[in-house]
Every structure is written in C-alpha cells, then in structure tokens.
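Working notes, beginning with the structure itself.
Small disclaimer: the values here were computed from a predicted structure and weren't measured. Heavy atoms only: backbone and side chains are in, while hydrogens, waters and symmetry mates are out. Chain letters run A, B, ... following the sequence lines, proteins first, then strands; residues in each count from 1.
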Amino acid sequence: MRAKQHLTSLLQARVAAMGLPWPAKAVIEPPKEKQFGDLAANVALLLAKEAGKSPRDLAEDLVAAVRADGAVAAASIAGPGFLNVVFTPAFWQESVKEAEQRGETFGSSRVGNGVTVQVEFVSANPTGPLHIGHGRGAAVGDSLARLLRFAGYTVHTEYYINDAGRQMRLLGLSVWLRVRELAGREIVWPEDWYKGEYIIDIAKEMLAKDPGLAALPDEEGCDRCFEYAMRSILDGIKKDLEDFRVSHEVWFSERGLVASGAVEKAFERLRGAGHTYEHNGALWFRAMALGDDKDRVLRKSDGSLTYFASDIAYHGNKYDRGFDRLVDIWGADHHGYVPRMRAAVAALGKKPEQLDVILVQLVNLLRDGQQIAMSTRAGQFETLADVVAEVGADAARFMFLSRKSDSHLDFDLELVKQRSMENPVYYVQYAHARICAVLRKADERGIPMTPQTDGTLLSLLTENAELDLMRQIDRFEDVIESAALNLSPHHISYYLMDLAGDLHSYYAAHQVLGAGDDSLARARLALLRSVSAVIASGLSLLGVTAPESM
RNA sequence: GCGCCAGUAGCUCAGUCGGAUAGAGCAUCUGCCUUCUAAGCAGACGGUCGGGGGUUCGAUUCCUCCCUGGCGCGCCA
C-alpha cells in the first residue's frame with residue numbers, strides 16, 4: 001500500500017503541475033511480469049490525448065519527476081507508454097517495520113468508511129440439514145463479513161429463517177405421518193413430502209417423549225410436529241455452522257415479521273407511492289415499471305401472501321434498522337429473483353447500490369470423480385456436517401473460497417482430502433508452520449528477537465527473494481481493499497498462495513539461522529515474523545486456521 | 001422462445017470497470033534432502049483466451065451474431 005500510495009502521490013503532483021486532471025481510470029499496480037519493475041502506471045497513456053502530447057513524451061516528463069524521488073531506484077518507460085518504477089531496498093524494508101508496528105491491524109483498511117452493511121447468508125429453509133451447497137454460501141458470507149470488517153465497514157450478519165409458508169407445513173406433515181406410521185397406523189403418503197431419514201429420527205424422538213402423540217387429531221399433531229421439527233432442525237443447522245466456524249449475529253424469523261404486521265405496513269408504503277394495483281382479486285406490485293420482466297403478485301386471490309411479499313417487508317425492515325447497504329447471498333438458482341428484489345428496493349425508495357446480491361453457484365459434490373446426488377426432499381445428500389467431518393473445515397473453506405462465487409465448483413472429496421498442491425490450503429498453512437518452526441528454533445538457540453526492528457538491521461535484507469517478500473507484505477492492504485470493493489474474498493486466497501510461494505522459494509534458497517551472521521539472522525527473523533503475521537491474518541479472514549506446526 | 005452465469009494449457013481454475021510477451025497448480029519430463037519441516041524448491045514442456053464480425057492506437061476484457069454446458073422464466077418458497 002505504501003508503494004502504491006507513494007507513486008500515486010508523486011505522479012499526481014507532477015500531473016497537477018502540468019495543469020492536467022488526474023485520470024479516473026489510472027491503474028497503478030504491480031506489473032504482470034516481474035521484469036518490468038515493482039510498480040507500473042498507465043497514466044501517460046490515459047493523459048496523452050488530453051495533454052495533446054504523445055504518450056511517450058508525457059511519460060518522459062513523468063519519469064523524470066519520479067526518478068528525482070529518493071525512494072525510487074529506477075524508473076523507465078516501456079511498451080505503449082507504461083511507466084515502470086523500481087523502489088530502493090530501503091523503501092521496501094520499511095514494510096517490515098510497518099507490519100511490526102501495526103501488528104494485527106496491518107493490512108486493515110478504511111475504504112469502508114464506517115458504512116453500515118448487513119450481510120445475510122445461508123438462510124436455508126429449516127426443513128433439513130445443511131448440504132454442501134449451503135456450505136459454500138456459508139463460507140462466502142462469513143468470510144465476506146470478516147473481510148468487510150477488516151476493510152473498515154460496520155458489519156452485521158444475519159440468517160433469515162423461512163419459518164412461514166408451504167414448505168414448512170409440508171415438513172410438519174411429513175413428521176406427523178412418520179409419527180403415525182411408527183405408531184402402526186395406515187398412511188396415505190401425499191405427493192410432496194420430506195423423505196429423509198432425519199424425519200424418522202425426529203418422529204421417533206417425539207414419540208419417545210410423548211407416546212400418546214399419534215392419537216392427536218391431525219391438525220394439532222401437524223402443528224406440534226412442525227414446531228418440534230423446526231426447532232430441532234434449526235438447532236442442528238446452528239451446530240453445523242458453528243463447526244464450520246460460521247456465525248450469524250441475528251437469526252431473524254419470517255413468522256415473527258409477518259405476525260408483527262410488517263407486511264401490511266410495507267403494502268401501505270408501496271400503495272402510497274403508487275406501486276401496487278388490484279387485479280383478479282389479487283394485489284400486484286408494479287415490478288415491470290422498475291425493470292423486472294413482469295408484475296408480481298403480493299397477495300394471492302385466496303388472501304394469502306406470497307414469499308415475495310414478506311421478502312419486501314423483510315428488506316424494508318433491514319433498511320429501517322439503519323443498514324446503509326445490504327448484501328444478500330443466494331444460490332444461483334435464484335438469479336431470476338434478482339430483478340424483482342431490485343424493483344422492490346427501488347420502490348422502497350432506496351438506491352440500486354444499496355443492495356448487492358451475490359449469487360453462489362451450485363456445488364457439484366464428487367467422490368473419485370463420481371457425482372453424488374443431492375436432493376433434500378428425496379433425502380439423498382451429503383450434509384455439510386458429513387463433509388466437514390471428512391475433509392476438515394480448513395480444507396472445505398479454502399476450497400470454497402478459492403473460486404469466484406459465480407462459477408461452478410466441483411468439490412471432490414478425495415481431492416480435498418489429499419495433502420498436495422491440488423489442495424492449496426496446505427501449501428499456505430505449511431508456509432506458516434515452517435516459519436513458526438524457525439522462530440521456535442531461534443528461541444531455543446537464544447537468538448534475541450527485538451520486538452521493534454530498527455532500520456540498520458533491516459537494511460541487511462537485500463536479497464531478491466527478500467525484496468519479493470517485502471513487496472508482497474506491502475501489497476496485503478491493496479488486496480484487502482480490492483477484495484472488499486469487489487465483494488470477492490477469493491482474492492485473498494490467491495494472494496496467500498502467492499505469498500506462500502515466495503516464502504517457500506526464499507526458505508529453500510536462504511538460511512535464516514545458519515546465515516552465519518547474527519545481525520542478518522535477526523533481520524531475517526523479523527521478515528519471517530511479518531510474513532507469518534500476514535499469512536495468519538489472511539487465513540483468519542477466510543476462517544482458516546494458521547497451524548504452528550504440521 | 002426469453003433471460004442470467006459459464007466456456008482461458010491435457011485437467012482444475014485465476015486474470016476481465018480496454019493496456020505490455022495471457023498466469024498458477026495438477027499431470028508429464030529433468031534436477032535438488034549430512035544444514036531452520038521435501039506437505040517443499042529449481043527448471044522444461046504445454047495456449048487460434050468457444051467461433052465469426054464490429055468499435056479502438058490497442059480487445060481474453062466492450063458491442064453484435066452464432067455454438068456448447070448449467071440454471072431460471074409460478075397467484076411455489
């Protein structure tokens with residue numbers, strides 16, 4: 001971050017002195033190829049037309065200004081007008097000092113500017129255990145929340161419990177029928193019902209507590225079964241999420257929302273602004289006028305509410321609670337619902353940028369390349385809990401967070417269990433463990449570890465591999481900012497793989513304790529400490545542990 | 001039929017608010033453990049960025065038309 005800020009301010013000063021506006025699309029970042037230098041800027045290219053000069057001439061001017069700076073070791077022009085800059089080792093060494101001084105806050109950013117954002121994720125119907133697809137949404141949502149917090153947002157996390165509606169009635173009925181079946185009654189199975197083993201378990205549990213249960217009239221039996229089953233399944237979901245290191249601050253009940261009259265209030269609000277009309281005995285929302293394909297029903301002609309109706313009320317409620325910005329994380333199969341929700345947000349008087357919807361693609365669960373079928377209704381699935389128990393939360397989370405969320409993901413249980421580069425989580429964790437081993441050894445040998453490293457000591461860090469590591473350390477905050485702005489936690493994963501790669505190269509090429517020089521050893525230890533701190537910090541944003549030994 | 005997402009090395013995937021010679025891991029091949037963890041390192045091999053047009057000084061990135069795969073198009077949730 002220091003490098004980027006430093007070069008930006010040098011260039012801005014020069015551009016301003018030339019009387020030119022700073023281009024909005026200026027990109028100042030590490031070049032694709034290391035050979036081009038430490039940082040590359042495309043400012044000359046962008047300003048050429050405005051300045052009435054060739055990119056080359058403009059670049060000549062800028063490069064001269066940049067070269068004069070003490071932190072710049074070299075600056076050159078390449079390609080169609082790129083400005084390439086190499087900083088002095090002393091400049092990079094400052095990164096280690098900064099990392100030491102800032103400690104756990106190193107890499108954190110203030111781009112969020114304190115904006116209050118709510119992240120709502122998982123929100124699976126409590127009709128059965130979480131499966132692997134929910135796990136992906138859970139990992140993405142949880143990490144995004146951690147990331148946004150680290151980037152200076154005020155973050156609230158929430159799980160929306162869809163405990164009203166037809167699916168839930170079906171759940172109650174399914175359990176009730178199992179109860180009756182277990183009690184030896186003749187059962188006529190309806191068309192749609194939940195067939196999973198867990199339904200039988202719940203029915204058995206209920207019967208054990210109340211053997212007379214099956215004698216209740218249907219309506220009462222269904223109700224009791226529904227309440228019990230939902231509570232039981234929800235408890236299971238909470239437990240599974242906890243084991244996956246995912247937390248929600250608020251569990252928000254749809255039923256409670258409806259009971260509070262919030263839906264009717266939302267209707268009033270929409271009606272007042274002219275967004276609704278009656279047609280064929282139903283209440284409609286003018287979604288088409290706000291960009292959706294068609295208008296949508298809010299209250300059906302039979303008087304009951306649609307899911308969409310309570311969802312509008314729910315989002316209205318979120319804004320009323322003071323969240324400036326909402327992030328919803330949904331399964332990609334709900335993408336058709338996005339325009340409708342956006343229309344609703346507009347009707348509530350909010351700006352489009354106050355709602356972000358992250359669509360998480362479905363997960364293909366494989367075992368040795370063979371697909372494992374998943375369907376909650378049919379009761380065949382690999383639960384999140386089973387997967388976490390088999391491969392571990394670290395490997396599962398890293399796998400989910402190493403892909404952008406809108407691409408399909410093959411999750412092969414055998415591959416994720418392998419401890420190879422097929423599984424980069426170990427590569428990153430191993431880098432951390434290796435550093436810890438060196439630090440332990442240093443401690444055993446009584447090498448003094450100065451807590452605040454001084455410049456003289458750090459000036460010994462001049463190897464290319466050391467400069468690479470320091471450049472990576474400096475880049476951490478840039479990565480955090482761009483990951484936060486793009487709502488893309490997977491950028492962190494890729495950064496960590498890069499950083500771990502540089503560490504492993506360095507480790508193989510240079511001895512730290514055997515450096516032959518006590519000062520050099522101490523300088524290198526300081527560097528390693530910073531690297532391990534950054535790795536641990538990045539991993540914690542992914543919800544992955546940083547083991548001290550492996 | 002309409003819409004959304006995807007198509008990048010043999011495989012799994014990054015990169016894409018237009019920028020340099022398109023990257024990584026796996027697989028294959030060649031080397032490296034008497035020294036801090038070989039779950040590692042160094043190197044080689046590997047590409048019409050699905051295809052055709054267009055815009056631009058410049059396109060994997062933007063527009064358009066096709067092809068392929070997935071998913072949506074309910075007074076379901």
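Proximity of a side-chain donor or acceptor of A:Asn125 to a complementary backbone N or O of A:Thr127 within less than 3.5 Å is not detected.
Side chain of A:Tyr337, nearest nucleotide from B:G74, B:A77, B:G40: B:A77. Side-chain proximity of A:Arg403 to the nucleotides B:A77, B:U12, B:C73 is greatest for B:U12. Side-chain proximity of A:Asn125 to the nucleotides B:G74, B:A77, B:A39 is greatest for B:A77. Side-chain proximity of A:Thr306 to the nucleotides B:C71, B:C75, B:U12 is greatest for B:C75. The side chain of A:Arg166 sits closest to B:C76 out of B:A20, B:U37, B:C76. If you check B:G72, B:G19, B:C75 against the side chain of A:Asp333, the one that comes closest is B:G72. Comparing B:A38, B:C75, B:C73 against the side chain of A:Ala282 picks out B:C75 as the nearest. Of the candidate nucleotides B:A20, B:A39, B:C13, B:C13 has the atom lying nearest to any side-chain atom of A:Ser407. Ranking B:G15, B:A38, B:C13 by closeness to the A:Tyr494 side chain, first place goes to B:C13. Side-chain atoms of A:Leu46 lie closest to B:G19 of the nucleotides B:G19, B:C41, B:C75.
Taking atom C1' on both nucleotides, B:A59 is separated from B:G54 by 11 Å, rounded to a whole Å. Separation of the C1' atoms belonging to B:U56 and B:A9 is 29 Å when rounded to the nearest angstrom. Comparing the P positions of B:C76 and B:G70 gives a spacing of 28 Å, expressed to the nearest Å. Taking atom P in both B:C2 and B:G47, one finds a spacing of 37 Å when rounded to whole Å. On the P atoms, B:A22 is 14 Å away from B:G46, given to the nearest whole Å. Taking atom C1' in both B:G3 and B:A44, one finds a spacing of 47 Å when rounded to whole Å. For the P atoms, the distance linking B:G10 with B:U16 amounts to 23 Å, nearest Å. Separation of the P atoms belonging to B:G51 and B:C33 is 45 Å when rounded to the nearest angstrom.
Residue contacts shown for A:Ala48 are absent, as no nucleic acid heavy atom lies under 4.0 Å away. A:His432 comes within 4.0 angstrom of no nucleic acid atom, judged by non-hydrogen atoms across all strands. Base engagement by A:Ser549 is indicated by at least one non-hydrogen atom pair under 4.0 Å involving a base atom. Residue A:Pro31 is classed as a base contact, given a heavy-atom separation below 4.0 Å to a base. At a threshold of 4.0 angstrom between heavy atoms, the contacts of A:Lys404 include nucleobase atoms, whether or not backbone atoms are also involved. Counting non-hydrogen atoms under 4.0 angstrom, A:Glu548 reaches a base of the nucleic acid. At a threshold of 4.0 angstrom between heavy atoms, the contacts of A:Asp311 with the nucleic acid are absent. Counting non-hydrogen atoms under 4.0 angstrom, A:Asp410 reaches the backbone sugars and phosphates but no base. Note on A:Phe36: a base of the nucleic acid sits closer than 4.0 angstrom, heavy atoms only.
Lacking a ring centre under 5.5 Å from that of the base six-membered ring together with a plane angle below 30°, A:Tyr427 does not count as stacked on B:A39.
Residue-environment remark: CD (A:Glu414) exceeds the threshold of 12 foreign heavy atoms within 6.0 Å.
Between the P atom of B:A14 and the NE2 atom of A:His491 lies a distance of 11 Å, rounded to the nearest Å. Taking atom CD of residue A:Gln167 and atom C1' of nucleotide B:A77, one finds them 6 Å apart after rounding to whole Å. Spacing between atom CG of A:Leu359 and atom C1' of B:C71 amounts to 11 Å, rounded to whole angstrom units. As a whole-Å value, the separation of A:Tyr430 OH from B:A39 C1' is 6 Å. Note: OH (A:Tyr507) to C1' (B:C32) measures 15 Å, nearest angstrom. One can place CG of A:Leu496 at 20 Å from P of B:C13, the figure rounded to the nearest angstrom. Put simply, CG on A:Leu366 is 10 Å from P on B:C13, counting in whole angstrom units. Here the C1' atom of nucleotide B:G58 and the NZ atom of A:Lys25 are 14 Å apart, to the nearest Å.
Of all nucleotides present, none satisfies the Watson-Crick or G-U wobble test against B:C36 with each distance under 3.5 Å. Across all strands shown, B:C29 pairs with B:G43; the Watson-Crick or G-U wobble distances both stay below 3.5 Å. Base pairing annotation: B:C62 forms a Watson-Crick or G-U wobble pair with B:G54, both donor-acceptor distances under 3.5 Å. Nucleotide B:G18 forms no Watson-Crick or G-U wobble pair with any nucleotide shown, as no partner meets the under 3.5 Å limit on both distances. Look at B:U48: it lacks any Watson-Crick or wobble partner with both distances under 3.5 angstrom. Nucleotide B:G23 forms a pair with B:C13, judged by Watson-Crick or G-U wobble geometry with both contacts under 3.5 Å. B:C71 and B:G3 make up a base pair, with Watson-Crick or G-U wobble contacts both under 3.5 Å.
When each of A:Leu527, A:Val534, A:Ile435, A:Val428 is checked for a side-chain contact (heavy atoms from CB on, under 4.5 Å) with A:Leu503, only A:Ile435 meets the rule.
Ring planes of A:His248 and A:Trp251: perpendicular class, angle over 60° (limits at 30 and 60°). Ring geometry, A:Phe308 versus A:Tyr337: the interplanar angle exceeds 60°, so the pair is classed perpendicular (tilted spans 30 to 60°).
Contact check, A:Arg434 against B:A38: a side-chain N or O comes under 4.0 Å of OP1 or OP2. The side chain of A:Tyr307 contributes no N or O atom lying less than 4.0 Å from OP1 or OP2 of B:A77. Close to B:G15, at under 4.0 Å from its OP1 or OP2, lies a side-chain N or O of A:His490. Contact check, A:Lys300 against B:A77: a side-chain N or O comes under 4.0 Å of OP1 or OP2.
You won't find any donor-acceptor pair under 3.5 Å spanning the side chain of A:Lys441 and the base of B:U37, going by distance alone. You won't find any donor-acceptor pair under 3.5 Å spanning the side chain of A:Ser505 and the base of B:C41, going by distance alone. One N or O donor and one acceptor, one from the side chain of A:His335 and one from the base of B:G3, sit under 3.5 Å apart. Donor-acceptor pairing under 3.5 Å, judged by distance alone, is absent between the side chain of A:Asp406 and the base of B:A6.
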* Can you check side-chain contact (heavy atoms from CB on, under 4.5 Å) on A:Trp22 and A:Leu47, steps first, answer last? -> CA-CA 8 Å; A:Trp22 181 251; A:Leu47 284 180; 5.7 Å; no
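In B:C5 the O4'-C1'-N dihedral to the base is more than 90° from 0, which defines an anti nucleotide.
In this structure, the side chains of A:Leu359 and A:Val338 come closer than 4.5 Å at one or more pairs of heavy atoms.
Taking the six-membered ring for Trp and the full ring otherwise, the centers of A:Tyr159 and A:Phe121 sit at least 6.0 Å from each other.
Between A:Glu466 and A:Arg524 there is a salt bridge, with a side-chain nitrogen of the basic residue lying less than 4.0 Å from a carboxylate oxygen of the acidic one.
Taking the ring centre of A:Tyr507 as origin, the terminal cationic atom of A:Arg434 falls inside the region bounded by 6.0 Å and 45° from the ring axis.
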